[in-house]
Each structure stands twice: as structure tokens, then as C-alpha cells.
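All remarks here apply to the structure that follows.
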Amino acid sequence: MSSPEEAAYRLLTEYTNGFMVSQVLFAACELGVFDLLSEAPEPLGSAAVAAHLGTCPRGTQLLLDTCVSLKLLQVQTRGGEAVYRNTELSSTYLVRASPKCQGNMVLYLARTTYLCWGHLAQAVRDGKNQYRKAFGVPSDDLFTAIYRSEGERVLFMRGLQDVWSVSGGPVLEAFDLSAFRLICDVGGDFFTDPLPEADLYILARVLHDWSDERCSHLLTRIQRACRPGGGVLVIESLLDADGRGPLTTQLYSLNMLVQTEGRERTPAQYAALLAPAGFRAVQCRATGGLYDAILARR
Ligand SMILES: C[S@@+](CC[C@H](N)C(=O)[O-])C[C@H]1O[C@@H](n2cnc3c(N)ncnc32)[C@H](O)[C@@H]1O
């Protein structure tokens, strides 16, 4: 039995070391550990992994054994040698050939999001996204920052698609959408381009990028383009009514602080944006997954 003080110290250590766990995962993905082990005809020893990847044997062994502790790899002994293979988790979510692979999102988090989070305290001070500090981009404008190179744009879009491959189904099943004949998935330069007429507009992972003012502007534009009887389906991660959970959504909200101009919101905050823009009968459905659905009628 540990004392409350010891338990508190353990928790503190877990928090201070949390970034190391992320980096183990990021490095293993970046190096191609999971793909190599999935393609190998049999489990591989760390020397063989190092030889295939062209990495240092000591570093490789440390990385592989840490992956075992994190349940990203399994180890067994064959002929006196430790050999490694993927776990169910890594086979499903970290191997490129898997339809549910999250590899692009992991790389995006490693190469972009992580660097912005290095300036979280500054973001709390100045309330701005941190692309200037993290990448030296010349402007805080989101489009310039998020899509600052073709490679970055493609990785981000592929990463979003990875998450969609797991979380997309539950949000689209949250409501019966069969009455909406023409559906518009809103993207591109929606603040200025004319919006096509449709029965339902999907705003997936869009409103959380923007301030209340910009969201109101966009929702008003959508309301004007929307056919009578139509609606809008907002797909976002919902905060609890008091804004103090779930932790994942709170972290996403801080992520919006370091990477965008927006925040995650509570159901009441979405309703407060939708109603003045002319949408009524706001319904929120928590899916139990990463993303939730909000349907409102014109
Ligand atoms: C986070 S992505 C979401 C894409 C898609 N709906 C999904 O869920 O995968 C944000 C969308 O906002 C659009 N967008 C419009 N104006 C933007 C701007 N100034 N900065 C960043 N994204 C912008 C992008 O083209 C992109 O389609």
C-alpha cells in the first residue's frame, strides 16, 4: 500500500514522462518498425530489425523493449533470442496495409502538433496559434500555417482520413439522414466562395478551428444557401456541459489553441452559435467515440 503522497508522486511522474511515451510511438512509426514486423515472415530479433531499418542496435533494442511495455509489440524467446512481433493494437492501427491504420495521423502529430505544443505556455499567454514559433511561418493566418507546404497539406489530409476510417461510421449513424437528398460536405474556402444549394451541410472538424464570430459568419452563410427543411450536421468532439471533461476533448481544445483560432465546445455553446444563425431543433448525440454529432434544422 502506498501513501497518498507516494501515489501523488507516481501520478506526477506519469504526467511529466507522458511525452516520452508519445515519442516512443512516434519514433517506432517514423522508423517503420510496425510495417517491417508485419511484412516479415516470422518474428524478428532486435539485431535483424536494426539491420533492416539501418538503425543503431542499442537504440533499436531499447525502443523495441519499450514498445513491449507499451503493448505495441510482443516479445518471445526463440533459440535463446528475444524476437518481436506486432500486437493486435499495432497490427490494426499502426501497420500501413491495415484499413484502420492511423500512421499518417501519428506522423502529423509527431512532426507538427508536437512542435506547436512545445509552445503551449506561450499560446496561453498570447491566445494565438504557435506556427510562427514552431515553424517560423510568416503569418498567423491559418490557411498559410496549416497548409504551408504541399507535403504538409497531404499529410494532414491523410491524417484526418485515418481518424475518419475509425470514427466516421459512428457519427454518420448517430442520426437518420435518409430524408436529406442532397448533402454538401463543406470544405475549401467556405468563408468567401459561393456555397452550393443543398438539403444538408456537413461541417466536420471545421467549427472547432474558428472563433465564435467566424463560426456565426459561416453558419449564417450556410443557412442562406440551405434548402427549406434542410439542416446542418456538425461533427465535433463535445465537451461536457460544464466544460470540464472529457479529458481528451479538453486536450483537443488546447490543441485548437496551439494550432488554430478555435476551441472545442459544449452542446450549449453549439446551440448558441446555431440558433442566431437561423437553425432550430438542435439535437446532440454523443457517440462514445472521438467525435460526436449535432443536427440542427433550418
Ligand atoms: C480540419 S479540416 C476538416 C476536413 C474534413 N471536413 C474532415 O473532417 O476531415 C478543415 C477544413 O477547413 C477548410 N478551410 C477553409 N478555410 C480554411 C482556412 N483559412 N484555414 C484552414 N482550413 C480552412 C479546409 O479546406 C478543410 O476542408
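One-based numbering along the sequence shown. In listed order, ligands and their atoms are each counted from 1.
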Is a side-chain donor-acceptor pair under 3.5 Å present for [Y] with [X]?
X: Gln161; Y: Arg158; value: no
X: Asp162; Y: Tyr93; value: no
X: Ser90; Y: Thr87; value: yes

| field | Name of the residue among Ile294, Asp185, Leu177 meeting side-chain contact (heavy atoms from CB on, under 4.5 Å) with Leu233 | value | Leu177
| query | What distance do Leu70 atom CG and Met20 atom CE have between them, rounded to the nearest 0.5 Å? | reply |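 Leu70 CG to Met20 CE: 12.5 Å, rounded to 0.5 Å.
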| query | Which parts of the protein, at residue level, reach under 4.0 Å of ligand 1 through a heavy atom? | reply |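 Lining ligand 1: Leu142, Phe143, Tyr147, Phe156, Leu160, Gly187, Gly188, Phe190, Ala204, Arg205, Asp209, Trp210.
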| query | If you take all heavy atoms of Leu115 and Ala134, which pair is closest and at what distance? | reply | O-CB, 3.7 Å
